[in-house]
Amino acid sequence: MTEVVAAARYRPARRLGPLGWGSLAVAALVVAPVLVVVSNVFLPSATTWSHLLSTVLPEYVWNTAILVIIVAAGVMSIGVLSAWLATAYRFPGQQVLEWALILPLAVPAYVMAYAYTDWLQFTGPVQSALRELTGWRAREYWFPEIRSLYGAGAMLAFALYPYVYLLARNAFLEQSRTAVEAGRLLGYSAWGSFWRVALPLARPGIVAGTALALMETLADFGTVSYFAVQTFTTGIYHAWLSLGDSVAAGQLATCLLAFVLIVLALERIQRGGARYATQRKPTPPHRLRGWRAAVAFLLCAAPVLFGFLLPAGILLELALTDPDARLGARLYALIANSFTLAGVAAVVAVGVAILLAYAGRMTKSPVVPIANRVAALGYAVPGTVLAVGILVPLGTLDNALADWIHARLGVKTGLLLTGSIFALVYACLVRFLAVAFQTTEAGLARVTPAMDDAARSLGLSPSRTLARVHVPMVWGSVLTAGLLVFVDVMKELPMTFAMRPFNFDTLAVEAYNLTKDERLAEAAIPSLVIVAIGLLPLVVLSRQIAGSRRRGAP
């Protein structure tokens, strides 16, 4: 029997084969929009580019850079401090806060901006209460302006710090007890050990989480647009939709892409060639009592309060008390549109992710892993860049196809691809394929190669092995990948806003349009639906966090 299995042992092919060529095709589809955007650098842009260069481009650069700095400082300070307190100490409420600290991921930054604007504006409850208590009138006191560059930075920091928290938390849990004990032997206090030992060891995770948050910051459109902050994302839409110059929009998108590449390069430089490997023998948490426990609780509870509970509560209060916030047939149509788009995109992304992950498993050609990594780079490309890179060539192709059909058949078809759900699903696939691929690949990697050998010995082809053996075994990872893509597409605003078909609004687009018209109460319900759906993957993630703490307990 051993000889039969050994003879039937399947050795992955070194030639590409259908799976390898499929990986290359997907990588080409991901790279194509980026190449289209970059190619605009070499095209003339009439007078628009020179006008932008002499007027608003310096403001775009300055505001984008300052926003990146504010968000980086915010997510690192909140994420690292809360991760250290939640892992290194025990205090009342710690076990709840340990998973609750990820809840702000369910609230898109633009939804948070809508809620805080209603709460902090001149006619809102905070300033109204302040005037009642002090007797002040308008212009007799100073109050921070939420609709500003710094307000946008605060919203993004509260919405995105969980990226740093999750990776820093994992890094702290992985650290060996011996490293901390060595710091204590050198005379460091508890905080001295944190600054001198734990923090340097966790640097790769912190930097990676910060890079993810900054890429989301550069891709943000809803928050900065609503707060009237001029950044590259708002500039792209202005050049494209208001000025009608797709070339200038592509050139601005190339500048934005350069910002993304700088962030990725800085992350790589910070990581360098260092390796931070430790034996998994976690340090037992230190129990806090008295005022120290109260301070730790407040520091960990504040991000949850300001990043999730308060904005969700504000939206809920608006939905329940304001007569303008009501359910109706349009809301159900918006939910149906959102679910349709997110469902189709999730199914397509998971299917392509399975193809890529299986190709990497079954093909030994070095080209396939490279193609898979290229296909996963779409997550680093802002939605505005993808919108420009997809719609511009699709528009050219559509016009040429319509002219050809009219010349040959005498039928005026109009635009067939541009402004269709096909183009929007394609953009979502490019943007969120990395989420599905990484989750699916991780699940597939846990399947022992012996299962491939057994399937081949029974005469199963690679495709039948995938369908009958691998997919059932990694079904949990497949469902998780689909859920993550589904929620990401539900929250996506820039691509959906620019590329949606005619009369095909989603919850995100509706909330943005209503708040742009200062109809905050009416925007409360679609915003709440987005938040509620965003909670779904966080339930799974919170269970994993609780399980990892139990597994890591000494």
Full working for side chain to side chain contact (heavy atoms under 4.5 Å, CB included) between Phe221 and Ile236: CA-CA 10 Å; Phe221 169 72; Ile236 291 169; over 6 Å; no
Test log, rule side chain to side chain contact (heavy atoms under 4.5 Å, CB included), inputs Val304 and Leu101: CA-CA 6 Å; Val304 180; Leu101 279 161; 3.7 Å; yes
Tyr114 vs Tyr226, ring-ring contact (aromatic ring centres under 6.0 Å, His included): CA-CA, chis, key distance, verdict: CA-CA 8 Å; Tyr114 307 157; Tyr226 181 59; 5.2 Å; yes
Leu520/Leu514 under side chain to side chain contact (heavy atoms under 4.5 Å, CB included): CA gap, chis, key distance, verdict: CA-CA 7 Å; Leu520 293 174; Leu514 290 173; over 6 Å; no
Verdict with reasoning, Thr117 to Phe227, per side chain to side chain contact (heavy atoms under 4.5 Å, CB included): CA-CA 9 Å; Thr117 297; Phe227 281 0; 3.4 Å; yes
Verdict with reasoning, Tyr110 to Ser225, per side-chain hydrogen bond (donor to acceptor under 3.5 Å, both in side chains): CA-CA 9 Å; Tyr110 58 85; Ser225 175; over 6 Å; no
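Using a 4.0 Å cut-off between a side-chain N of Lys or Arg and a carboxylate O of Asp or Glu, Arg147 and Glu518 qualify as a salt bridge.
Side-chain atoms of Ser82 come within 3.5 Å of backbone atoms of Gly79 as a donor-acceptor pair (strictly under, hydrogens ignored). In terms of modelled atom types and a separation under 3.5 Å, the side chain of Thr233 and the main chain of Asp220 share a donor-acceptor contact. A donor-acceptor pair is defined here as one N or O able to donate and one able to accept, closer than 3.5 Å; no such pair exists between the side chain of Tyr161 and the backbone of Ser77. Within the 3.5 Å criterion, the main-chain N or O of Thr231 finds no donor-acceptor partner in the side chain of Asn63. At least one donor-acceptor pair closer than 3.5 Å links the side chain of Glu492 to the backbone N or O of Met495. Not one N or O on the side chain of Ser338 forms a donor-acceptor pair closer than 3.5 Å with the backbone of Met490.
For the atom pair OG of Ser527 and CD of Glu510, the computed distance is 10.0 Å after rounding to the nearest 0.5 Å. Considering CE of Met155 and OG1 of Thr223, their distance stands at 8.5 Å, rounded to 0.5 Å. Atom-to-atom distance recorded for Phe308:CZ and Ile102:CD1 is 10.5 Å, nearest 0.5 angstrom. The CG atom of Leu212 sits 6.5 Å away from atom CG of Leu167, with the distance rounded to the nearest 0.5 Å. Taken from CG in Leu29 to CG in Leu24, the straight-line distance is 11.0 Å, to the nearest 0.5 Å. Between the OG1 atom in Thr506 and the NZ atom in Lys491 there is a gap of 13.5 Å [rounded to 0.5 Å].
Across all non-hydrogen atoms, the minimal contact from Ala239 to Leu252 is CB-CD1, 4.1 Å. Ala346 approaches Gly482 most closely through the heavy-atom pair CB-O, 3.5 Å. Scanning all heavy atoms of the two residues, the minimum distance from Val425 to Val348 falls at CG1-CG2, 4.4 Å. Closest approach of Leu386 and Ala427 over heavy atoms only: CD1-O, 4.0 Å. Asp505 approaches Asn337 most closely through the heavy-atom pair O-ND2, 3.0 Å. Taking every heavy atom of both residues into account, Ala357 and Phe437 meet most closely at N-CE1, 3.7 Å.
The shortest side-chain heavy-atom distance between Val385 and Pro382 falls under the 4.5 Å cut-off. A 4.5 Å side-chain heavy-atom check between Leu214 and Val260 finds every atom pair outside the cut-off. Counting heavy atoms from C-beta outward, Leu484 and Phe432 have side chains that stay 4.5 Å or more apart. Side-chain contact between Met499 and Ile390: present, with at least one pair of heavy atoms (C-beta onward) separated by less than 4.5 Å. Counting heavy atoms from C-beta on, the side chains of Val509 and Arg500 come closer than 4.5 Å. With a 4.5 Å cut-off on side-chain heavy atoms, Trp119 and Leu310 count as touching. In this structure, Phe504 and Ile421 have side chains that are in contact, with non-hydrogen atoms separated by less than 4.5 Å. At least one side-chain heavy atom of Glu216 sits less than 4.5 Å from a side-chain heavy atom of Tyr163.
Classification of the Phe232-Tyr60 ring pair by plane angle, with boundaries at 30° and 60°, yields tilted. The aromatic rings of Phe158 and Phe306 are tilted relative to each other, their planes meeting at an angle between 30° and 60°.
In this structure, Phe143 places its CZ atom where more than 12 heavy-atom neighbours from other residues, nucleotides or ligands lie under 6.0 Å away.
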